[in-house]
Amino acid sequence: MDTLKDQFVVPGDVIGKIGDLKVRIGPGLLQTKDTVLATKAGVLRYSKFHRFYWIENEQKRYVPQVEDMVIGTIIEKHAESFKVDIGSSCSALLSAYSFEGATKSNKPLLNVGNLIYCRVTVANRDMEPEVVCLSQKQKAEGFGQLIGGYMLNCSLGLSHYLLSEDCFLLQILGKHIPYEIAVGVNGRVWINSGSNHNTIVVSNTIYNSQYIQDDQIEPFILKSLSINETSGLVEQN
Amino acid sequence: MMNGLDKATESPSRTGSGISETLSKMKFMQNKKEAAYREELQAKLEKSIKDSHWVAKGSFDGETLNTSSTSEVLGFKSVGRMSFGSFNSNLDKLNKEKSVQNKQIEAQRSKHIQIDEKNNIITFKDDDNDQQIKDKILSNNNKNNKNNKKNNSSNNNNNNNTDKKINEPNVNNSQDKKFKNTIEDAEKFLNQVLKEKGIKKNKRKNEDNGENLKKKFKK
């Protein structure tokens, strides 16, 4: 299993045979008899501590998995539930009681088109996934409705990068612009800041960071900020 | 006359032959038939079950690996919502709490792990998984929350005491004084009982903590 670690694999590649039953496999890998095959094109990753293999790729179609934090859009409103679009093949189901402090007489006021930051709790094959606006401790902790702001779509790989610990892009943006961000594993990113100009700068920087060298990001931010809000032209000293 | 004779000869032959229909329809005659029919049905059922249990040639009888999602196994360092430049103070608090939890988890990991950097080998001292460690820490946090609730209840008791003090100077009658005495005695008794319960509860908690620590060290 170690030969193909951190290398690019293609669907059908034999990753290896089962030698240790404590090993776990994640998305993109499939077991057929005693061999493990790749079912997605991407880079094979391995976590030493967790003994966990998975494939990292840049796809855009989201496949729901348990404990994912996703951003969804409400598309239908029913008496005690909502239909939420989370970018997967089926729309997800959100109960009206899966909010902190929600009761029969106290339900959240949500309408079609609202954005919601939620967590996937049930994700079986051939079934509709279920989402919840509560953390594992049954508290809000950031989950719930996202008011205002702007949402952009990106690839799953970029969203994983933004959620990682060593993401300095968001920190550099935080130096120059006070803003708030919610990153969903399903490739959706929600940004909110004090003005539309700042929101546009943040979203453009995040989107273009895929194609820019790391040392060129900060000049890009400064150049974007220097554009005058009213005239749309670069200031000339 | 010839015809009449033929009929007479036929009737005794019928009576002489096997069992009549009316007799065979009676209950005691039906039991055997029902038993035979039941056995036939059971045989058919067993056949169908055997036929449905088929195994393809070259099938794999070994164990299968566990599959799980990256979010469930690895998790993320942040809560998923972040604010920069003190834009949203609530999110800052959440992220601080999350970072504290992560530090606790990593501290416990270091206890359970031996890492040989040369050989890139990790050996686990205990069979505890990372998820179990997380669950323990989360349960401890829940206990802390319960303690906070108890503190709130004690504050309410203090408020009640202050209210009673304000009402005292309005009363002047001797009968009311007697009632006062009884009420005060009851309050003292309750305070004693609460203190005793508090002491017991604290002892129990300490004992539980000691047991947990002993278990950990034994492991």
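Each chain gets a letter, A, B and so on, in the order its sequence line appears, and its residues count up from 1.
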Looking at [options], which one has more heavy-atom pairs under 4.5 Å with chain B than the rest?
options: Ser159(A), Ser193(A), Ala123(A), Ser135(A); result: Ser193(A)
options: Leu170(A), Asn192(A), Leu30(A), Ile177(A); result: Leu170(A)
options: Pro178(A), Ser164(A), Gly184(A); result: Pro178(A)

**Study point:** Nearest heavy atoms of Arg188(A) and Gly72(A), plus distance in Å
**Key:** NH1-CA, 3.9 Å
Atom group of [X] that falls short of 4.5 Å from chain B, counting heavy atoms:
X: Tyr117(A); answer: side chain
X: Val183(A); answer: both
X: Leu146(A); answer: side chain

**Study point:** Within 6.0 Å of CZ in Phe8(A), more than 12 heavy atoms from elsewhere
**Key:** yes
Revision key, fill the gap. Interface check, chain A: of Gly85(B), Gly80(B), Ser86(B), most non-hydrogen pairs under 4.5 Å belong to Gly80(B)
Check your understanding: Quick one: does Trp190(A)'s side chain have a donor or acceptor within less than 3.5 Å of a partner on Ile147(A)'s backbone?
Key -> no
Point to revise | Separation between OG of Ser99(B) and CD of Gln104(B), rounded to the nearest 0.5 Å | key: 10.0 Å
Practice item. Considering only NZ, NE, NH1 and NH2 on the basic side and carboxylate oxygens on the acidic side, decide whether Arg119(A) and Asp68(A) come within less than 4.0 Å. Key: no
Point to revise | Candidate list Asn95(B), Asn88(B), Asp92(B), test side-chain hydrogen bond (donor to acceptor under 3.5 Å, both in side chains), partner Ser83(B), passing option | key: Asp92(B)
